[in-house]
Amino acid sequence: MQEIQMPLILGVTGAVLFYGRFYLQWIVSEMQGRSVVPVAFWYMSGVGSVFLLVYGVISGSPVGALSHCFNTIIYA
């Protein structure tokens with residue numbers, strides 16, 4: 001069995017956090033019957049962006065790093 005690499009775990013975790021925030025907003029909005037942005041949405045955005053930025057740098061992907069560089073600045 002191959003050993004799971006830490007950068008891969010970092011990238012997948014970042015993607016789940018960053019893109020899962022939309023599902024969180026959708027579920028909370030449906031529960032409240034109106035459009036809301038929960039506080040957890042912003043934390044998921046920030047942490048997910050940082051994880052994906054670090055993953056882009058570690059994996060040597062300038063496009064991945066650059067695309068989340070701006071997101072990280074905005075959510076900070």
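Sequential numbering from 1 along the given sequence is applied to the chain's residues.
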Applying side chain to side chain donor-acceptor pair (under 3.5 Å) to Thr72 and not counting sequence neighbours gives none
Using the rule that two of Ile, Leu, Val, Met, Phe, Trp, Tyr join whenever any of their side-chain heavy atoms come within less than 4.5 Å, decide whether [X] and [Y] are in one cluster.
| X | Y | result |
| --- | --- | --- |
| Leu52 | Ile74 | yes |
| Tyr75 | Val54 | no |
| Val57 | Val47 | no |

Rounded to the nearest 0.5 Å, the CG atom of Leu8 sits from the CD1 atom of Ile58 at a distance of 11.5 Å
- About how many Å separate CZ of Arg21 and OG of Ser49, when rounded to the nearest 0.5 Å?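 Spacing of OG (Ser49) from CZ (Arg21) equals 6.5 Å.
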By ring pair (Phe, Tyr, Trp, His ring centres under 6.0 Å) - contacts of Phe18 (at least two apart):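 Result, ring pair (Phe, Tyr, Trp, His ring centres under 6.0 Å) vs Phe18: His68.
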Give me the atom names and distance for the closest heavy-atom approach of [X] to [Y].
| X | Y | result |
| --- | --- | --- |
| Gly48 | Leu17 | CA-CB, 4.0 Å |
| Ser29 | Ser35 | OG-CA, 3.7 Å |
| Gln25 | Val36 | CG-O, 3.1 Å |
| Gly64 | Ser61 | N-OG, 3.1 Å |

Besides Tyr23, the hydrophobic cluster formed by Ile, Leu, Val, Met, Phe, Trp and Tyr side chains linked at under 4.5 Å, directly or via other members, contains Trp26
Practice task
Please name all residues satisfying side chain to side chain contact (heavy atoms under 4.5 Å, CB included) with Val16, sequence neighbours left out, ordered by chain then number.
Solution key: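 Once residues adjacent in sequence are excluded, the partners of Val16 under the side chain to side chain contact (heavy atoms under 4.5 Å, CB included) criterion are Val12.
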Contacts of Ala40 meeting side chain to side chain contact (heavy atoms under 4.5 Å, CB included) (sequence neighbours excluded), chain-then-number -> Leu24
Here the ring pair (Phe, Tyr, Trp, His ring centres under 6.0 Å) pairs for residues 30-62, sequence neighbours left out, are none
